[in-house]
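Before anything else, here's the structure in question.
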Amino acid sequence: MLKEVKTEMKRLVDYTLVVGEEEICDVRKLAKNLKNIRVLHISSTAYGGGVAEILHSLVPLMRDVGLNVEWRVIEGNEDFFNTTKKFHNALQGGDILFTEEMKRIYLNQNRLNASFFEGKYDFVIIHDPQPAAMLAYLKAPKYTKFIWRCHIDTSVPNSEVWNFLRGFLKKYNAAIFTLKKFVKNEVTFKRLFIIPPSIDPLNDKNRPLTIKEIDKFVRRFGVDPERPLITQVSRFDPWKDPLGVIDMYRLIKRDIPELQLSFIGSMSVDDPEGWIMYEKILRRAGEDNDIYVLSDLRGVGNLEVNAFQRSSNVIIQKSLREGFGLTVSEGLWKGRPVVGGNAGGIAIQIINGKTGFLIESVKEAAEKTKFLLLNKETADKMGDEGEKYVRSNFLITRQLKDYLSLFNSLL
Ligand code: UDP
């Protein structure tokens with residue numbers, strides 16, 4: 001049996017104040033014909049990264065509206081996750097030496113995980129490439145519909161890896177992508193859905209905090225809430241360009257010497273490269289005591305991330321490639337302008353010049369961030385616009401509606 005992930009209980013009704021009665025009614029209407037349908041989500045990790053973040057909210061809310069939902073994670077050893085991280089990088093356009101050994105490791109583990117699959121479901125949603133090939137080895141009743149949910153930017157994938165994977169993807173009854181432009185034409189999915197991710201306004205990551213709480217959290221790590229602060233929250237991953245973040249901070253620091261930078265990252269079990277990147281970041285940060293490199297290993301959990309985002313004057317997400325970038329919506333939701341790389345899903349969250357700035361280089365990132373630090377009124381206005389934009393587009397109830405519509409249309 002694949003290992004089940006336990007989630008907290010959540011109630012849709014609690015979201016009424018944030019999203020309004022009408023939205024809640026719409027969700028309930030869509031759930032009406034779906035009572036007790038059996039849904040299984042399969043992903044590679046229960047913690048760390050955007051997929052886990054979303055499922056911790058989506059799964060209990062689907063249950064609350066009457067669906068019978070489970071979330072299970074695959075098993076994998078270091079070799080497997082090293083391999084799938086290379087796949088991930090290659091699918092986002094990175095270089096890879098794609099070997100037979102890698103294919104073997106990937107397929108063997110998918111076969112093994114398929115052998116752990118039990119139970120009867122109406123829908124099985126398989127998240128991302130790590131478990132994508134399981135379907136080829138599964139025995140499931142005919143009525144079970146399999147959906148592949150791709151969370152990454154596959155607009156210019158390495159062709160070798162993509163060609164290898166697409167044979168497995170063709171077997172799915174449907175696929176979900178974040179953006180239309182991530183869908184490669186060579187795979188014709190039986191059904192294709194475009195669903196951008198979303199954040200949960202009531203979880204510890206995003207719920208309101210008092211100024212006192214915010215100050216207490218950031219002071220605990222040595223940050224001075226009276227001085228300007230910029231923050232990037234992201235896994236220690238080259239695509240998030242952490243070294244570029246330090247370089248841009250240095251450029252701004254020349255003119256704003258009291259500036260502080262917090263870089264909050266996490267170590268995910270399916271991301272073995274994290275430690276290498278972590279060391280690189282520390283080396284680049286050197287002896288600068290105004291750079292705070294923090295992680296879950298030092299007790300920076302959801303509430304702390306929330307406090308750092310709220311304490312920041314500007315949120316940075318300098319990614320070079322990005323499936324979506326939940327951290328952008330997280331920042332905007334807190335009324336902070338976001339300076340983000342003009343990549344993938346970031347570009348649908350930042351309205352350039354209105355909710356923040358889309359940037360193409362370290363220099364541009366530094367210029368725009370400096371502008372926001374020096375022009376508080378504009379920064380506040382952009383933050384307000386950002387909050388409104390997230391409220392209408394990137395909250396969990398919208399994503400819940402999208403999933404329920406998808407189930408209705410596939411039944
Ligand atoms: N995150 C976190 N702590 C960290 C790093 C990341 O809580 O140290 C969270 C972050 O707040 C966000 C998610 O992990 O909710 C990352 O999602 P995103 O879509 O930004 O990137 P991904 O990791 O999926 O590429």
Side-chain angles (χ1 to χ4, degrees), residues 49-50 53-54 153 178-179 196-201 205-206 208-209 214 218 228-235 237 239-242 244-249 251-252 256 259-265 302 305-395:
E53 180 80 17
I54 294 165
D153 176 351
T178 293
L179 294 182
S198 62
I199 61 164
D200 181 344
K205 176 78 51 74
N206 299 308
L209 295 176
I214 297 168
V218 302
L229 173 69
I230 58 175
T231 293
Q232 174 158 310
V233 180
S234 61
R235 288 178 293 105
D237 178 315
W239 298 106
K240 310 281 184 183
D241 197 18
V245 175
I246 296 180
D247 293 346
M248 64 168 274
Y249 152 85
L251 288 178
I252 310 168
I256 308 180
L259 183 64
Q260 307 166 98
L261 164 68
S262 65
F263 194 100
I264 302 177
N302 288 337
V305 168
N306 186 344
F308 270 90
Q309 286 169 330
R310 287 184 191 278
S311 192
S312 301
N313 303 74
V314 182
I315 298 293
I316 313 296
Q317 190 54 57
K318 220 209 132 298
S319 307
L320 306 168
R321 281 272 153 63
E322 189 62 77
F324 182 69
L326 287 175
T327 51
V328 174
S329 276
E330 288 166 7
L332 295 173
W333 178 244
K334 293 167 182 106
R336 300 294 175 270
V338 181
V339 172
N342 190 3
I346 295 181
I348 60 167
Q349 298 174 79
I350 297 180
I351 309 171
N352 199 18
K354 198 170 171 204
T355 66
F357 290 107
L358 288 169
I359 52 86
E360 306 275 355
S361 66
V362 167
K363 188 163 163 273
E364 199 186 357
E367 280 165 11
K368 298 293 197 240
T369 306
K370 190 176 122 189
F371 168 82
L372 290 168
L373 288 168
L374 296 176
N375 294 279
K376 190 172 173 321
E377 231 171 81
T378 312
D380 286 347
K381 209 163 145 236
M382 283 189 176
D384 288 347
E385 289 295 331
E387 192 209 306
K388 279 190 223 145
Y389 192 61
V390 170
R391 191 184 297 273
S392 323
N393 295 285
F394 301 119
L395 293 186

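The structure displayed is predicted, hence computed values, not measured ones. We're numbering straight along the sequence, starting at 1. These numbers come from the heavy atoms of this one structure, side chains and all, not from hydrogens, waters or symmetry mates.
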What's the shortest heavy-atom distance between I348 and P196, and which atoms?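 Nearest pair, atom of I348 first, then P196: CD1-CB, 4.2 Å.
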Is the closest side-chain heavy-atom distance between Q309 and V305 below 4.5 Å?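 Contact flag for Q309/V305 side chains = yes.
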Within the 4.5 Å heavy-atom criterion, are F308 and V218 side-chain neighbours or not?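 The answer is yes; the side chains approach within 4.5 Å.
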Could you walk me through whether N306 and K334 pass the side chain to side chain contact (heavy atoms under 4.5 Å, CB included) check? CA-CA 9 Å; N306 186 344; K334 293 167 182 106; 3.2 Å; yes
At their closest point, which heavy atom of I315 faces which heavy atom of G331, and how far apart are they?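 Nearest heavy atoms, I315 then G331: CG1-CA, 3.9 Å.
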Would you give the length of the straight line joining atom OG of S234 to atom CZ of F263, rounded to the nearest 0.5 angstrom?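 S234 OG to F263 CZ: 3.5 Å, rounded to 0.5 Å.
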Donor-acceptor contact below 3.5 Å, side chain R336 vs main chain A379: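 No, R336 side chain to A379 backbone: no donor-acceptor pair under 3.5 Å.
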Show the nearest heavy-atom pair for residues N206 and W333, with the distance to one decimal.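 Scanning both residues, the minimum pair turns out to be O-NE1, 3.6 Å.
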Would you call K363 and E367 a salt bridge, using N to O less than 4.0 angstrom?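 Yes.
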Given side chain to side chain contact (heavy atoms under 4.5 Å, CB included), test E53 with N302 step by step and report yes or no. CA-CA 10 Å; E53 180 80 17; N302 288 337; 4.3 Å; yes
Enter the distance from E360:CD to L320:CG here, rounded to the nearest 0.5 Å.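 Result: 10.5 Å between the selected atoms.
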For residues L374 and I256, determine if any side-chain heavy atom of one lies less than 4.5 Å from a side-chain heavy atom of the other.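 Yes. Closest side-chain heavy atoms under 4.5 Å.
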Side-chain contact test, heavy atoms from C-beta onward, threshold under 4.5 Å: evaluate it for K370 versus L251 and give yes or no.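 No, too far: nothing below the 4.5 Å cut-off.
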Any S312 side-chain heavy atom under 4.5 Å of L229 side chain: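 Of all side-chain heavy-atom pairs linking L229 with S312, at least one is under 4.5 Å.
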Donor-acceptor pair, D241 side chain versus G244 backbone, under 3.5 Å?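 Answer holds: yes.
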Say you draw a straight line from OG of S198 to CG of L326; how long is it, rounded to the nearest 0.5 Å?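 CG of L326 is found 7.5 Å from OG of S198.
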Would you name the heavy atoms of G341 and I346 that are closest together and state the gap between them?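 Where G341 meets I346 most closely, the heavy atoms are O-CG2, 3.3 Å.
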CG on L373 to CG on N313, rounded to 0.5 Å: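 These two atoms lie 5.5 Å from each other.
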With rounding to the nearest 0.5 angstrom, report the NZ to OG1 distance, K240 to T327.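 One gets 6.0 Å once the value is rounded to the nearest 0.5 Å.
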Separation between NZ of K318 and CD1 of I230, rounded to the nearest 0.5 Å: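 If I round to the nearest 0.5 Å, the distance is 12.0 Å.
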Validation row: Q349, V338 side chains within 4.5 angstrom (heavy atoms):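 No, side chains not in contact.
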Determine, for K376 against D380, whether the closest basic-nitrogen to carboxylate-oxygen distance falls under 4.0 angstrom.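 The answer is yes: the pair qualifies as a salt bridge.
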Enumerate the residue pairs fulfilling salt bridge (Lys or Arg N to Asp or Glu O under 4.0 Å) with a member in residues 346-359, sequence neighbours excluded, ordered by first and then second residue.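 The answer is K354-E385.
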Check E387 with R391, please: is the shortest side-chain N to carboxylate O separation under 4.0 Å?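 The answer is yes: the pair qualifies as a salt bridge.
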Side-chain (T355) to main-chain (I351) donor-acceptor, under 3.5 angstrom: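 It does hold such a pair.
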Start with the C-alpha gap between F324 and F394, add the side-chain angles, then the distance that decides, and say whether ring-ring contact (aromatic ring centres under 6.0 Å, His included) holds. CA-CA 11 Å; F324 182 69; F394 301 119; 5.4 Å; yes
Is there a side-chain contact between Q232 and Q317, using heavy atoms and a 4.5 Å cut-off?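 Yes. Closest side-chain heavy atoms under 4.5 Å.
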Is the backbone of I359 close enough, under 3.5 Å, to the side chain of E364 for a donor and an acceptor to pair up by distance?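 No: the side chain of E364 does not pair with the backbone of I359.
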Less than 4.5 Å apart, side chain to side chain, heavy atoms only: is that true for D200 and K205?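 The answer is no; the side chains never approach within 4.5 Å.
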Please give me the minimum heavy-atom distance between I54 and P197, naming the atom from each residue.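 Scanning both residues, the minimum pair turns out to be CD1-CB, 3.5 Å.
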Please confirm whether the backbone N or O of K388 pairs with a side-chain atom of S392, one donor and one acceptor, at under 3.5 Å?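 Yes; judged by distance alone, with no hydrogens or angles, the pair exists.
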Please evaluate residues D153 and W239 with respect to the criterion side chain to side chain contact (heavy atoms under 4.5 Å, CB included), reporting the C-alpha separation (whole Å), side-chain torsions for both, the decisive distance (0.1 Å), and the verdict. CA-CA 11 Å; D153 176 351; W239 298 106; over 6 Å; no
Closest approach of P337 and M382, non-hydrogen atoms and distance?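 Distance-wise, the nearest heavy atoms are CB-CB, 4.0 Å.
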